[in-house]
Amino acid sequence: VCVLPLVMKRSDAPATMERLLASEPALTFVIIAATVLPDLVRRVAALGAFACLRGPLGAKEIVRVVARARSSLRPRADRRRAGAASQSGA
């Protein structure tokens, strides 16, 4: 799970998500926005962000959302492992 700010100094979350997904398609993203920018929020949603939260947030809240994102990944990860094992003849 990757936590990103919606707007960064040299980029934005959608552009960063696209670059990271190109090398690691299984990544899941939690986006934190100090200010809601509807166009960027729509773009991260279209790219499959797990959540887009409005900050400022406390560490406990971020940890809770990351935990939910991680638990949502387990079934997909298990299916990927099972598929890889069946393809390798295991």
Rounded distance [0.5 Å steps], [atom1] in [X] versus [atom2] in [Y]:
X	Y	atom1	atom2	answer
Leu37	Asp12	CG	CG	9.5 Å
Cys2	Ile31	SG	CD1	7.5 Å
Ile32	Leu57	CD1	CG	5.0 Å

Donor-acceptor contacts, no H, no angles, side chain residues 39-54, under 3.5 Å, sequence neighbours left out:
{"from": "Asp39", "atom 1": "OD1", "to": "Arg42", "atom 2": "NH2", "distance (Å)": "2.5"}

Exercise. Are Phe29 and Leu21 close enough that some pair of their side-chain heavy atoms sits under 4.5 Å apart?
Worked result: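 Contact flag for Phe29/Leu21 side chains = yes.
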Exercise. Is it true that a side-chain atom of Ser11 and a backbone atom of Met8 form a donor plus acceptor pair closer than 3.5 Å?
Worked result: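 Checked: no pair found.
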Problem set entry | Hydrophobic cluster identity match, Val1 and Val63, side-chain contacts under 4.5 Å |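 No: no chain of side-chain contacts under 4.5 Å links Val1 to Val63.
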Problem set entry | For Pro5 against Ala13, the heavy-atom pair lying closest together |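 That closest heavy-atom pairing would be O-CB, 3.5 Å.
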Exercise. side-chain hydrogen bond (donor to acceptor under 3.5 Å, both in side chains) with Arg19: which residues, sequence neighbours excluded?
Worked result: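 Result, side-chain hydrogen bond (donor to acceptor under 3.5 Å, both in side chains) vs Arg19: Thr16.
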For this session: Would you please name every residue forming a side-chain contact (heavy atoms from CB on, under 4.5 Å) with Ala34, sequence neighbours left out?
Result: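 Result, side-chain contact (heavy atoms from CB on, under 4.5 Å) vs Ala34: none returned.
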